[in-house]
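Inspection log for the structure reproduced underneath, given as structure tokens.
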Amino acid sequence: MANAIRALSMDAVEAAKSGHPGMPMGMADVATVLFTRFLKFNPKQPAWADRDRFILSAGHGSMLIYSLGYLTGYERMTIDELKRFRQLGSLTPGHPEVDPSLGIEMTTGPLGQGVSTAVGFALAERITNARFGDDLINHFTYVIASDGDLMEGVSHEACSLAGHLGLNRLIVLWDDNHISIDGSTDLSFTDDTPARFRSYGWNTAAVDGHDPEAVAKAIEAAQSSDKPTLIACRTIIGKGAPNKANTHGCHGSPLGADEVAATRENLGWPHEAFVVPQDVLDAWRAAGARADAAYADWAERVAALDPSARKAFEAAMDRGVPAGLDELIAAFKKKVSEDKPSWATRVASGNVLDILVPAVPEMIGGSADLTPSNNTKAKNTADVKGRGEFNGRYVRYGVREHGMATVMNGMALHGGVIPYGGTFMQFADYCRPSIRLAALMKQRSIFVMTHDSIGLGEDGPTHQPVEHLAALRAIPNLLTLRPADAVETAECWQIALERVNGPSVLALTRQNVPTLRTEHAAENRSARGGYVILEAEGERKVTLLATGSEVSLAAEARKALQAEGIGAAVVSIPSFELFEAQDDAYKASVLGSGVRVAVEAAIRQGWDRWLGYPGATAVAFVGMSGFGESAPYQELYKHFGITAEAVVAAAKARL
Ligand SMILES: Cc1ncc(C[n+]2csc(CCOP(=O)(O)OP(=O)(O)O)c2C)c(N)n1
């Protein structure tokens, strides 16, 4: 059965003339043990909420998971898809993406992501288990990880957290083959990896990865461990290839026709390319049907729930829009538009969370050790303490921003929870690879990024985001939301929660801002991305564009212009992406004709799409062009010339 994986993998790579045969051939025995004896999965019910999750972290070995998909009987993973490996539009891209209907739980590619995201799966499993009980959610999370996965820094962050939380249903099978691209791992990776994992609080085992009984025994022991487990599986990369096995030559290139033929001979696999003999295929299909009865039992237990419990379970696992958001958000908006508080938007966000978290049981918050700054912990919520106690709502991620973002993605992918997590926006860069994957994987991870400009003041240029808004806006399928006041903050939370197919970043201020939306409107005005927050009195000659804390500055500038008889409107653009999606007539009406001045305490990049939108007679940008400075924020705004006076002057000079 393992040789079927080997043959399909080398044949598909050969056909594509590119790919990685070595890893699937080396890990074929381990994968066969896992899939035929342990993994609880059902190719006919691939979305089964209580399936074990299998994450191929060493995603370059994608033919391993595609072969398994075909062999175990995922309907759409046909032999033709294997023949189309790495071709445009196939189900078998170079690296596995996300499609649970094919047994593919997440996108890999960037090494380290799979094993780290798996920590989020394992955490979500425990959290949903605590909420719904053993009858509904009670599964393992298995990972195949390579040397590269464990070299990457993010694996340190996430695996350390997994050890701390005692995520004992996480089992990592490490492909300990001593080979990476440059050659032997002796060149660069001589850590005592098991000792490292033991120091995190993991269990470890070491086995011959080509000895199925030894692998099975280790997995069995791991299943009853009270800690996460790393099983070092000593394997030979490209096992079966007589000349290229155990060399980096088979890591990432086709074996070549001669070596493929010699491998067939060596393995005693006389079948043509892409042909799996019926008896072997039958044995694999039987492995794919192992959990049929377990699935039926589970489905019966779900059906036997009382209607309200079933509804709650299905609503959580279906990843829909939380019920009742409209009313909650509208009530909050009404109150703040009347009270007109001068809250920092991070404070407004904290106050919104105080309302949302109790009402939306799927929301699981957290922060990378900046809870009092990020205002991410709702009142009266308990921590997810770990080690058997998973019924809290708040994760202490520690100073592990990259790990946090990756773990959040795993939680979102698992389902049953909506993760949100905070840090300073400057450290969005530390999370960026995972934010990008959240966007690529279309996952509802909500990143709360406070201290979003020089407006954070004295912490200085190391902490002051300058290019970060532009950099975040550059990621496709990511919503970057920068609310101007408490009302917009509530609207942006609603947008992020309703966005079931993509991540959002909330960019929030450290410093106070006035409430600008003082007239209550039930409509979520931020949902259009940009809108006229203050219309001109008289004919509009000037349009001031701004986001976040600079909207109030634009409002001051407008007042001064109006005092001189110059009709000026203020446009708030909490989301470039949502504004972009509006039709041209709407955008034109918002952006107006005449002079356009944009103001944002960040770099200009990205703004020219609005400044340059048809209709402007002249444009200017007031913002940053270099790094910040350390000083009280009011002084910094003056120092960098981001003031109402500067906006007025820029507008007047262009009239
Ligand atoms: C973050 C990241 N850096 C680099 C790569 C390119 N890359 C793919 S596989 C690999 C290393 C392969 O070594 P190993 O992880 O031991 O896998 P094996 O050769 O054993 O299959 C590298 C550097 C990547 N996919 N992700």
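Read the numbers this way: they start at 1 and go in the same order the structure lists the ligands and their atoms. This is a predicted model, so every value here is computed, not measured. All values below were derived from every heavy atom in this structure, side-chain atoms included, with hydrogens, water molecules and symmetry-related copies excluded.
Ligand 1 has G109 within reach: a non-hydrogen atom of the residue lies less than 4.0 Å from it. Under a 4.0 Å heavy-atom criterion, P110 is in contact with ligand 1.
Backbone and side-chain nitrogen or oxygen atoms of I179 are examined, and one is located within less than 3.5 angstrom of a nitrogen or oxygen of ligand 1. The shortest N or O to N or O distance between N177 and ligand 1 is below 3.5 Å. At least one N/O-N/O distance between G148 and ligand 1 falls below 3.5 Å.
Below 4.0 Å from some heavy atom of S146 lie the following atoms of ligand 1, by number and element: 14 (P), 15 (O), 17 (O). Remark: ligand 1 atoms within the under-4.0 Å shell around heavy atoms of E152 are 1 (C), 2 (C), 3 (N). Taking every non-hydrogen atom of M23 and a distance limit under 4.0 Å, the qualifying atoms of ligand 1 come out as 21 (O). Which parts of ligand 1 touch D147 is read off a 4.0 Å heavy-atom cut-off, strictly below it: atoms 15 (O), 16 (O).
Partner of T235 under the side-chain hydrogen bond (donor to acceptor under 3.5 Å, both in side chains) criterion, chosen from N177, D176, D175, N246: D175.
Residue nearest to atom 17 (O) of ligand 1, selected from H20, H60, H248: H60 (by heavy-atom distance).
R198 contributes atom CZ, which lies 10.5 Å from atom OG1 of T193 (distance to the nearest 0.5 angstrom). Note that CZ of F140 and CZ of F54 are 15.5 Å apart. Values are rounded to the nearest 0.5 Å.
No cation-pi contact links R53 to F121, judged by a cut-off of 6.0 Å to the six-membered ring centre and 45° from its axis. Cation-pi geometry between R285 and Y70 is met: under 6.0 angstrom from the ring centre, within 45 degrees of the axis.
Among all non-hydrogen protein atoms, the one lying nearest atom 4 (C) of ligand 1 is L111 CD1, 4.5 Å. Among protein heavy atoms, atom 19 (O) of ligand 1 sits closest to H251 ND1, 2.6 Å.
For T185, no heavy-atom contact with ligand 1 is shorter than 4.0 Å.
For the residue pair Q113/S434, the side-chain donor-acceptor check at 3.5 Å is satisfied.
For atom 23 (C) of ligand 1, a protein heavy-atom neighbour is found at a distance under 4.0 Å.
Side-chain atoms of W202 come within 3.5 Å of backbone N or O of C159 as a donor-acceptor pair.
Closest approach of A12 and L82 over heavy atoms only: CB-O, 3.6 Å.
The local environment of CD in E75 is sparse, with at most 12 non-hydrogen atoms from other residues, nucleotides or ligands closer than 6.0 Å.
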